[in-house]
Amino acid sequence: MNHWLVKSEPHKYSWEKFNEDGRTFWDGVRNYQARNNLRDMREGDLVLFYHSNEGKEVVGVAKVVKESYQDPTTDDKNWVVVDLSPVETLKKTVTLEQIKADEQLQNISLVRQGRLSVMPLKQEEFDRILELGS
DNA sequence: GCCAACGTTGGC
DNA sequence: GCCAACGTTGGC
C-alpha cells in the first residue's frame, strides 16, 4: 500500500466540507508531477489531508476509493482525478512548523518542494505524522 | 500583499 | 534545445 499527502486550500475545499460530503473527486490538479502521483494511487491507499495557506496543517486521513480517471471538469485528456473518502480526523492537527522541526520528516516534499500539491510519503513518514497527530 | 520557488511557454 | 519571460502556488 502507498501513502500520500494532498493539499487543499480550506476556503476552496476544507476537511469539514469533505466530511459532510463523505466522498469527493480530487480535481483541479494541473501539474504533471502531481498528476503522475494521482495516477499511481491505488484503491485503499491512505492519504493525508493538508490545509494550505490557512492553517498550514495536516487535519485528517482519507483513503482512495476509486483510482484515477478522466477529470470530469475538463475535456483535456492530460488531467485525471481520483475519488477520496474521509477516514478519520486527527486528534491534534500537525502543523507545517512541527513537520519542519521533526528530524524524521525533513525529506518529505511538503518541506522540500513547497508547491507540489500531491506527493508520495514513505510509510515511516506517514506513521510519524499520525503519531504527531494522536 | 510580497516574494521565492518552480513549472510552463515561446522566441530564437 | 536553450533560456528568458511569465504565471501560479503557497509561506511569511
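Note that the structure is predicted; figures quoted are calculated from it, not measured. Quick note: numbers below take in every heavy atom, side chains included, and nothing from hydrogens, waters or symmetry partners. We name chains A, B, ... by the order of the sequence lines, and we start the count at 1 in each one.
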Results of salt bridge (charged side-chain N to carboxylate O under 4.0 Å, His left out) for A/E57 - residues two or more places apart only
none
Determine, for nucleotides 7-12 of chain C in 5'-to-3' order, which nucleotides have protein heavy atoms under 4.0 Å from the base (write B), from only the sugar-phosphate (write S), or from neither (write -).
BBBBBS
Polar contact flag, side-chain donor to acceptor under 3.5 angstrom, A/D127-A/Q123:
yes
Ring-plane angle category for A/H3 and A/F126, please: parallel below 30°, perpendicular beyond 60°, tilted otherwise.
tilted
Qualifying residues under salt bridge (charged side-chain N to carboxylate O under 4.0 Å, His left out), relative to A/E16, sequence neighbours excluded:
none
Using 30° and 60° as the class limits, which term best fits the ring planes of A/F49 and A/F18: parallel, tilted or perpendicular?
parallel
